[in-house]
Amino acid sequence: MLKVAKFGGSSLAGAEQFRKVKQIIESDPARMCVVVSAAGKRHKKDSKITDLLYLTHAHINYGVSHEDIFSMIEQRYYGIRDELGLHYDLESEFEKLRGELNQDIPVDYLVSRGEYLTARLMSEYLGFGFIDAAECVFFNYDGQINYEKTYAAIAERAVHSPRFVMPGFYGVMPNGAIHVMTRGGSDITGAIVANALDADIYENWTDVSGILMADPRIVENPRPIPRITYAELREMAFMGASVLHEESILPVKEKGISLNIRNTNRPDEPGTFIVEHIESESELERPITGIAGRRNFTILTVLKRNMNASTTLCNALEILDRYHASVEHITLGLDSFALVVSSAALENTLYDVIADIQKTCRPDDVRVQDGIALVAAVGRKMPARPGTSGKLFQALGEHGLNIRTIAQGADELSIIVGVENCDFEKAIRVLYDGFTG
Ligand code: ASP
């Protein structure tokens with residue numbers, strides 16, 4: 001059994017968190033490979049090391065003193081090292097880095113030092129080897145990961161160092177320059193390591209007990225989701241639930257590796273398992289896996305008597321495509337259709353889009369309604385459970401929530417309703433209570 005354990009910034013924010021990580025790793029010998037983010041926030045008002053490093057670079061660029069910020073970074077690392085009684089030579093690392101802090105320092109290199117130093121300390125603390133991502137995570141010049149080369153290099157390194165810590169978030173370009181991923185990229189590194197080593201489980205340790213059924217800023221203490229499929233997770237993420245870096249799914253999915261989201265502060269809780277298929281469904285499990293949503297959509301309704309729907313719709317879609325406004329949902333009636341588009345995508349182009357639709361489609365009318373929020377109930381069990389949509393609409397109706405549009409994902413994984421922006425939070429709460437109560 002081999003487990004790859006990735007720890008996010010909040011799990012590494014200070015010495016106390018490092019101790020929890022050590023306990024977690026030592027409690028299961030299968031946890032042989034550890035991927036770390038940079039130290040994150042210790043409390044709400046604290047700063048993430050990655051943010052401080054970006055800030056240091058911005059100060060250097062603008063010719064403003066970076067001394068205060070940079071010494072905050074140093075103090076964080078010295079604090080962790082000294083409190084844990086470690087000996088890693090941070091002094092030399094920082095002396096070298098300080099010598100490089102000038103206009104020429106590449107921002108990616110500077111920012112990557114957050115993960116690098118966190119991994120150095122963790123490797124000493126756990127007594128594990130250190131594998132630098134700069135030696136085995138490879139990017140092509142277009143910024144895409146060269147997966148094959150990367151998998152081979154990690155597998156090769158792990159033969160010599162089967163228990164290791166690796167910094168997440170960065171790798172190397174073909175010319176040897178350090179390149180960072182998009183924010184939250186350590187999730188991807190963890191997934192790559194899991195794939196490269198054919199891990200049984202990829203554990204992603206964070207500060208919540210798994211993926212929650214609804215946004216905790218809207219619903220008080222939402223329940224964690226015990227099991228979710230990759231397809232459901234994609235729907236949830238698309239509808240605004242931020243869980244994992246999207247690109248971290250592919251490497252584990254490809255190999256059928258289960259992904260387990262866990263809470264470093266509550267290691268006894270099982271967290272959420274993300275899997276390709278769920279073989280045996282318990283009848284007791286809820287029909288809805290989770291509820292997510294996003295605000296600020298615009299509904300464009302095109303009305304035209306006796307229209308040839310396919311031509312008119314096709315023309316309207318082409319116009320939106322020309323203005324780079326992607327259509328989230330389409331509903332079709334006999335003499336009308338409605339297109340749901342993110343309002344931000346139409347911010348500067350709405351009147352041009354309408355003018356073009358009028359010119360090309362020759363409709364009887366075009367109606368615009370903005371300020372719409374989309375709320376999705378996501379659940380793999382919905383197709384097999386009659387009455388789910390009835391219950392959903394009933395719950396919304398009973399609470400006086402006016403539904404402006406309805407869509408069902410073609411794969412029947414989600415039912416999406418459009419409500420006024422001002423009803424967004426209420427709709428999420430009503431659906432959550434309706435399906436969990
Ligand atoms: N430290 C980086 C960030 O804050 C990468 C990561 O945490 O995964 O985005």
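Quick caveat, the model's predicted, so the values are computed rather than measured. Any value given below was found using the heavy atoms of this structure, including those in side chains, with hydrogens, waters and symmetry copies removed. Atoms within each ligand, like the ligands themselves, are counted from 1 in listed order.
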*Asks:* Go through the steps to decide whether R113 and I178 satisfy the test side chain to side chain contact (heavy atoms under 4.5 Å, CB included), and finish with yes or no.
*Replies:* CA-CA 10 Å; R113 297 306 85 189; I178 294 281; 4.2 Å; yes
*Asks:* Going by the closest heavy atom to atom 4 (O) of ligand 1, which one wins out of R183, M181, K48, K41?
*Replies:*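 Looking at heavy atoms only, R183 sits closest to atom 4 (O) of ligand 1.
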*Asks:* Work out whether the distance between some heavy atom of G184 and some atom of ligand 1 is less than 4.0 Å.
*Replies:*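 It does; at least one heavy atom falls under 4.0 Å.
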*Asks:* Quiz question: by atom type and distance under 3.5 Å, do the side chains of D356 and Y323 form a donor-acceptor pair?
*Replies:*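 There is such a pair (donor and acceptor under 3.5 Å, judged by atom type) between the side chains of D356 and Y323.
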*Asks:* What about T50: any of its N or O atoms under 3.5 Å from an N or O on ligand 1?
*Replies:*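 Looking only at distances, the answer is yes, because the N/O contact criterion of under 3.5 Å is met.
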*Asks:* Do the side chains of R81 and E91 get close enough for a salt bridge, i.e. N-O under 4.0 angstrom?
*Replies:*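 Looking at E91 together with R81, the answer is yes, because their closest N to O distance falls below 4.0 Å.
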*Asks:* For the aromatic rings, using the six-membered ring if either is Trp, is the centroid distance between Y116 and F130 under 6.0 Å?
*Replies:*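 Yes.
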*Asks:* Tell me, which protein residue and heavy-atom name are nearest atom 6 (C) of ligand 1, and how many Å apart are they?
*Replies:*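 For atom 6 (C) of ligand 1, the nearest protein heavy atom is S186 OG, 3.4 Å.
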*Asks:* With a 4.0 Å cut-off on N to O distance, would you call K96 and E100 a salt bridge?
*Replies:*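 Salt bridge flag = yes for E100 with K96.
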*Asks:* Any sub-3.5 Å donor-acceptor pair from D207's side-chain atoms to S10's backbone N or O?
*Replies:*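 A pair under 3.5 Å: no.
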*Asks:* Could you check atom 2 (C) of ligand 1 against the protein and tell me its nearest heavy-atom contact, residue, atom and distance included?
*Replies:*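 I find the closest protein heavy atom is E115 OE2, 3.4 Å.
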*Asks:* Please state which protein non-hydrogen atom is closest to atom 7 (O) of ligand 1 and give its distance, to 0.1 Å?
*Replies:*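 Result for atom 7 (O) of ligand 1: S37 OG, 3.1 Å.
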*Asks:* Under 4.0 Å, counting heavy atoms only: does G168 come that close to any atom of ligand 1?
*Replies:*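 Checking ligand 1 against G168, which is what was asked, there is no heavy-atom contact under 4.0 Å.
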